[in-house]
Amino acid sequence: LDQKFLVTNADDICLKSDVTRCLEHDRAMLVYQSKGRSPVGVIEVEGGKVRRVVEGAAAFSDDALISVGVYVLTPDIFDHPMVPKAIGSAEYGLPQTMVAAFPDGIDAVQGSFWLSITEPTDIQKVEEVLRKL
């Protein structure tokens, strides 16, 4: 393994301590226990490893694990082809590609805090929450 690196989504807010715990692993994905139904993909974890990503399945569960856009990877991810988010999708997914590229598993790191910015009004809400932390 060469030097690992961090990938984050620009519209997801997590705690520095959660990201730091992710960085203790060579390959990891920060996951969060959802608090309600959501249209995002569900992360299936077995033995502390991410085993599968089911896109859109969180709509069927109130307490699914979801990816919160923080990934620790190694350069060998670039040796693997990109994987579509779902069968027939023209959009590629990093979590799906990680699972396919590393069948021995990606370490799932449980996050303690997550906010997503999906529309302009979320920015003010996130600012208010962050001021209280």
Side-chain angles (χ1 to χ4, degrees):
L1 299 175
D2 291 321
Q3 188 155 348
K4 62 187 172 188
F5 61 94
L6 181 68
V7 176
T8 63
N9 291 355
D11 58 351
D12 291 305
I13 309 296
C14 302
L15 292 181
K16 179 180 177 181
S17 58
D18 290 341
V19 175
T20 300
R21 284 188 305 105
C22 254
L23 286 167
E24 294 171 0
H25 304 266
D26 288 324
R27 295 183 189 112
M29 183 182 303
L30 188 62
V31 298
Y32 183 74
Q33 192 81 41
S34 69
K35 292 182 172 50
R37 295 174 187 254
S38 172
V40 301
V42 169
I43 306 301
E44 293 181 3
V45 176
E46 180 182 298
K49 302 284 187 182
V50 175
R51 297 295 181 197
R52 188 170 171 224
V53 179
V54 182
E55 201 60 38
F60 306 108
S61 174
D62 288 330
D63 61 350
L65 284 177
I66 57 174
S67 170
V68 296
V70 175
Y71 312 97
V72 177
L73 290 164
T74 50
D76 53 345
I77 186 71
F78 299 112
D79 296 336
H80 300 275
M82 295 183 295
V83 174
K85 286 181 84 168
I87 295 173
S89 175
E91 184 179 357
Y92 295 108
L94 180 55
Q96 292 84 348
T97 300
M98 291 171 67
V99 169
F102 307 113
D104 291 337
I106 305 297
D107 293 326
V109 177
Q110 180 78 39
S112 59
F113 177 85
W114 171 68
L115 290 174
S116 181
I117 300 172
T118 57
E119 56 188 63
T121 57
D122 290 339
I123 294 171
Q124 183 177 6
K125 293 175 192 172
V126 167
E127 286 177 345
E128 290 170 12
V129 170
L130 292 177
R131 279 190 201 105
K132 296 176 184 177
L133 289 179

Spatial distance of atom CG (Leu133) from atom CG (Leu15) [nearest 0.5 Å]: 6.5 Å
Decide if atom CZ of Phe113 counts as having more than 12 heavy atoms of other residues, nucleotides or ligands within a radius under 6.0 Å. yes
Before you tell me yes or no, could you show the steps for Glu127 and Ile123 under side-chain contact (heavy atoms from CB on, under 4.5 Å), namely the whole-Å CA-CA distance, both residues' side-chain angles and the distance that decides it to 0.1 Å? CA-CA 6 Å; Glu127 286 177 345; Ile123 294 171; 4.0 Å; yes
Partners meeting side chain to side chain donor-acceptor pair (under 3.5 Å) with Asp122 (sequence neighbours left out): Thr118
Using the side chain to side chain donor-acceptor pair (under 3.5 Å) definition, which of the options Arg52, Glu55, Glu91 pairs with Gln96? Glu55
Heavy-atom closest pair, residues Cys22 and Ala28: O-CB, 3.9 Å
Ignoring hydrogens, what is the shortest heavy-atom contact between Thr97 and Pro81? Give both atom names and the distance. CG2-O, 3.6 Å
Would you check, one step at a time, whether the test side-chain contact (heavy atoms from CB on, under 4.5 Å) holds for Val50 with Met98? CA-CA 9 Å; Val50 175; Met98 291 171 67; over 6 Å; no
Can you tell me how far the OH atom of Tyr32 sits from the OG atom of Ser112, to the nearest 0.5 Å? 8.0 Å
Find out whether Val70 and Asp12 are in side-chain contact, i.e. whether some heavy atom of one side chain is under 4.5 Å from a heavy atom of the other. no
Heavy-atom side-chain contact between Cys14 and Leu30 under 4.5 Å: yes
Look at the side chain of Lys4 and the backbone N and O of Leu23, then say whether any donor-acceptor pair between them is shorter than 3.5 Å. yes
Assess the residue pair Val68 and Asn9 against the criterion (side-chain contact (heavy atoms from CB on, under 4.5 Å)); give the C-alpha distance rounded to whole Å, side-chain angles, the decisive distance to 0.1 Å, and a yes or no. CA-CA 8 Å; Val68 296; Asn9 291 355; over 6 Å; no
With hydrophobic residues grouped by side-chain heavy-atom distances under 4.5 Å, do Ile13 and Ile66 end up in a single group? no
Return yes if a side-chain donor-acceptor contact under 3.5 Å exists between Asp26 and Thr74, otherwise no. no
Does Ser34 reach the main-chain N or O of Leu65 with its side chain, forming a donor-acceptor pair under 3.5 Å? no
Do Trp114 and Leu130 belong to the same hydrophobic cluster, where Ile, Leu, Val, Met, Phe, Trp and Tyr are linked whenever their side-chain heavy atoms lie under 4.5 Å apart, directly or via other members? no
Between Ile106 and Lys49, is the side-chain contact (heavy atoms from CB on, under 4.5 Å) condition met? List the steps. CA-CA 5 Å; Ile106 305 297; Lys49 302 284 187 182; over 6 Å; no
Partner set under side chain to side chain donor-acceptor pair (under 3.5 Å) for His25, not counting sequence neighbours: Asp107
What do you reckon, is CD of Gln124 surrounded by more than 12 foreign heavy atoms closer than 6.0 Å? no
Close side-chain approach of Leu73 to Phe102, heavy-atom, < 4.5 Å: yes
Can you list everything that forms a ring-ring contact (aromatic ring centres under 6.0 Å, His included) with Tyr71? Sequence neighbours excluded, please. none
CG (Asp11) and CG (Leu115) are apart, to the nearest 0.5 Å, by 11.5 Å
Backbone N/O of Ile77 and side chain of Arg27: donor-acceptor pair under 3.5 Å: no
Flag the pair Met29 / Val109 as yes when at least one side-chain heavy-atom distance between them is below 4.5 Å, and no otherwise. no
Looking only at non-hydrogen atoms, find the nearest pair between Pro84 and Ser89 and report the distance. CB-O, 3.6 Å
State yes or no: do Val7 and Ile43 share one hydrophobic cluster built from I, L, V, M, F, W and Y residues joined by side-chain heavy-atom distances below 4.5 Å, directly or via other members? yes
Residue pair Val19 / Lys16, side-chain heavy-atom distance below 4.5 Å: no
